[in-house]
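As the structure is a computational prediction, the values presented were derived from the model and not from experiment. Atoms within a ligand are numbered from 1 in the order they appear, just like the ligands themselves. Numbering of residues begins at 1 and proceeds along the displayed sequence.
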Amino acid sequence: MLFEACEVTKHFGGLVAVHSLSFGVRQGEILGIFGSNGSGKTTTLNLAAGMIAPTRGVFRWKGDDVTGRKPHQIARLGIVKTFQNPQLFPELSVRGHLRIAGHLRNQRLRSAGGWTRRLLGTGARADDEARSIAKVLDWCRLAEVADLPALALSYGAEKMLGVAMALMCEPQLLLLDEPASGLGQAEVGNLDSVLRDLREHGVTLCIIDHQVGFLAGLADRAIALREGVKIAEGDVATVLRDPAVVESYLGSAHA
Ligand SMILES: Nc1ncnc2c1ncn2[C@@H]1O[C@H](COP(=O)(O)OP(=O)(O)OP(=O)(O)O)[C@@H](O)[C@H]1O
Ligand SMILES: [Mg+2]
C-alpha cells in the first residue's frame, strides 16, 4: 500500500467524527470515498493530510509511520490536499498562483542535500519552474487562461486552479475534497478527463464527492462512511449496491 490509515479515530469534544477507520490507497489508483453529509469524509482527508491530528490510530506512508507530522512535512512526503474552494488572489494571474504554489516544492529541493542540490543551480531551478508550470497548465487545461487574473475565471476554472496549485507540489497522492461541487455538466466532464490523465501520469488520487455518478465512473475502488464508520469497501458497483450504503444515502435524502 502507498498510504494506509490504521484504526484511526477523531473526536471533536464529545463528537466522534471518525471511528476506528482503516483503509489503504494503492499506488496508481483512484480511491473514491462515499458518504452522506457529516459522515466524516472531509475529516478523513484532513487527518490524512496532517491538518488535524488523530485522537487514536496510525497513518503509514510507504510503510513508515507518519502519524502526527505537520501538513508541510506531509506535503514534502508527497501527500497534498486540495481545498473545496481554493482561496485565490483576485488580481493575480493563473501563472502567478502556480509560481507561489511552486515555492513549497522549491524549498524542498533547496533543502535537499548532496547531489540533488548540486544538480540544481539557480538557472536550472528557474527552467525547472517554468517547465513545471507549463506542464501543470497543460494537464489542467488552463494554458489558455494562464495570463488572466483569477477574478476573470469561471467557477470551474477557479476550482481547476486549486487542483493545479496542488500539482505544483508534485504530489504522489492527491486528496480532493468535492472537486465537482458546483460545476456544470461540461465542467464535470472536463474535470473527469483531467483526473483520468493525472492517474495516467502516475498520480494516485483519493476523492470525495457528492456527485455519485461522477465519482462512481472515475474511481477504481471505493469505501463508504456513515457516522464516521466504514460501512463498505471494494469495487465501486459493489459498494454502491451495499444495503447499508443505499440506506445511508436514502436516509440523508429524507432528512
Ligand atoms: N473542527 C470541527 N469541530 C467540531 N466538529 C467538527 C469539526 N469538523 C467536523 N466536525 C463534525 O464532524 C462530523 C464529520 O464532519 P465532516 O466535515 O468530516 O463530514 P463530511 O462527510 O465531509 O460532510 P459533508 O459531506 O457535508 O462535507 C460532522 O458531525 C461535523 O459537524
Ligand atoms: Mg466534507
Side-chain angles (χ1 to χ4, degrees), residues 3-25 30-59 67-71 74 79-87 155-156 158-160 162-163 165-166 171 173-183 187-188 191-192 195 205-219 221-234 236 239-240 242-255:
F3 181 77
E4 281 173 285
C6 312
E7 299 186 6
V8 170
T9 292
K10 179 63 185 179
H11 293 177
F12 291 115
L15 181 100
V16 185
V18 172
H19 180 72
S20 197
L21 174 63
S22 298
F23 67 95
V25 188
I30 298 180
L31 179 75
I33 302 183
F34 291 95
S36 55
N37 291 113
S39 57
K41 303 179 302 295
T42 295
T43 303
T44 298
L45 289 199
N46 288 344
L47 286 162
M51 297 160 82
I52 52 177
T55 308
R56 277 192 295 279
V58 169
F59 286 103
T67 320
R69 299 213 193 162
K70 299 280 169 271
I74 296 285
I79 306 171
V80 178
K81 179 176 181 276
T82 65
F83 289 88
Q84 208 163 323
N85 291 295
Q87 296 298 306
Y155 183 62
E158 271 183 25
K159 290 198 66 151
M160 194 59 86
V163 174
M165 289 168 73
L173 173 61
L174 183 61
L175 311 171
L176 298 123
D177 194 346
E178 303 202 25
S181 73
L183 300 187
E187 289 175 321
V188 172
L191 174 69
D192 183 271
L195 297 178
L205 302 167
C206 183
I207 307 177
I208 297 172
D209 215 281
H210 281 292
Q211 295 213 24
V212 174
F214 154 75
L215 189 51
L218 190 60
R221 226 159 49 81
I223 64 170
L225 304 180
R226 181 176 59 193
E227 294 173 5
V229 176
K230 185 174 74 180
I231 53 172
E233 174 167 24
V236 179
V239 165
L240 290 179
D242 188 291
V245 176
V246 172
E247 200 242 88
S248 77
Y249 272 105
L250 287 179
S252 76
H254 288 306

Please list, in number order, the atoms of ligand 1 under 4.0 Å from a heavy atom of [X].
| X | result |
| --- | --- |
| Thr42 | 17 (O), 18 (O), 20 (P), 22 (O), 27 (O) |
| Leu15 | 11 (C), 12 (O), 13 (C), 29 (O) |
| Glu178 | 25 (O), 27 (O) |
| His210 | 24 (P), 25 (O) |
| Thr43 | 9 (C), 14 (C), 15 (O), 16 (P), 18 (O) |
| Asn37 | 23 (O), 24 (P), 25 (O), 26 (O) |

Exercise. What part of Leu225 sits under 4.0 Å from ligand 1 if we count only heavy atoms: the side chain, the backbone, both or neither?
Worked result: neither
For this session: Applying side-chain contact (heavy atoms from CB on, under 4.5 Å) between Pro179 and each of Asp209, Thr82, Leu215, report the one that passes.
Result: Asp209
For this session: Look at the side chain of Thr55 and the backbone N and O of His11, then say whether any donor-acceptor pair between them is shorter than 3.5 Å.
Result: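 Such a contact is found between Thr55 side chain and His11 backbone.
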For this session: Could you tell me whether the side chain of Ser22 and the main chain of Glu7 form a donor-acceptor pair under 3.5 Å?
Result: yes
Exercise. Can you find a pair of side-chain heavy atoms, one from Ile33 and one from Leu45, that are under 4.5 Å apart?
Worked result: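 SC-SC contact between Ile33 and Leu45 confirmed.
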Problem set entry | Point-to-point distance, once rounded to the nearest 0.5 Å, from CZ of Phe59 to CD1 of Ile74 | 8.5 Å
For this session: Quick one: pull up CG in Leu183 and CG in Leu191 and give me the separation to the nearest 0.5 Å.
Result: 6.0 Å
For this session: Would you check whether Lys10 reaches within less than 4.0 Å of ligand 1, judged by its heavy atoms?
Result: no
Taking distance alone, with no angle check, do [X] and ligand 1 share an N/O pair under 3.5 Å?
| X | value |
| --- | --- |
| Gly38 | yes |
| Phe12 | no |
| Thr44 | no |

Exercise. Considering Ser36, Gly40, Ala17, which one's heavy-atom position lies nearest to atom 19 (O) of ligand 1?
Worked result: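 Result: the heavy atom closest to atom 19 (O) of ligand 1 is in Gly40.
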For this session: List the atom of Val25, the atom of Leu173, and the distance in Å for their closest heavy-atom pair.
Result: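 Nearest heavy atoms, Val25 then Leu173: CG1-CD1, 4.0 Å.
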For this session: Using a cut-off of strictly less than 2.8 Å, determine whether Thr43 has an N/O/S atom near the Mg ion (ligand 2).
Result: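 Short answer: no, not a single N, O or S atom is under the cut-off.
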For this session: Count the heavy atoms belonging to other residues, nucleotides or ligands that lie under 6.0 Å from CD of Gln211, then report whether that count exceeds 12.
Result: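 Result for CD/Gln211: enclosed.
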Problem set entry | Ala232: side-chain contact (heavy atoms from CB on, under 4.5 Å) partners, not counting sequence neighbours | Ala224, Val239, Asp242, Val245
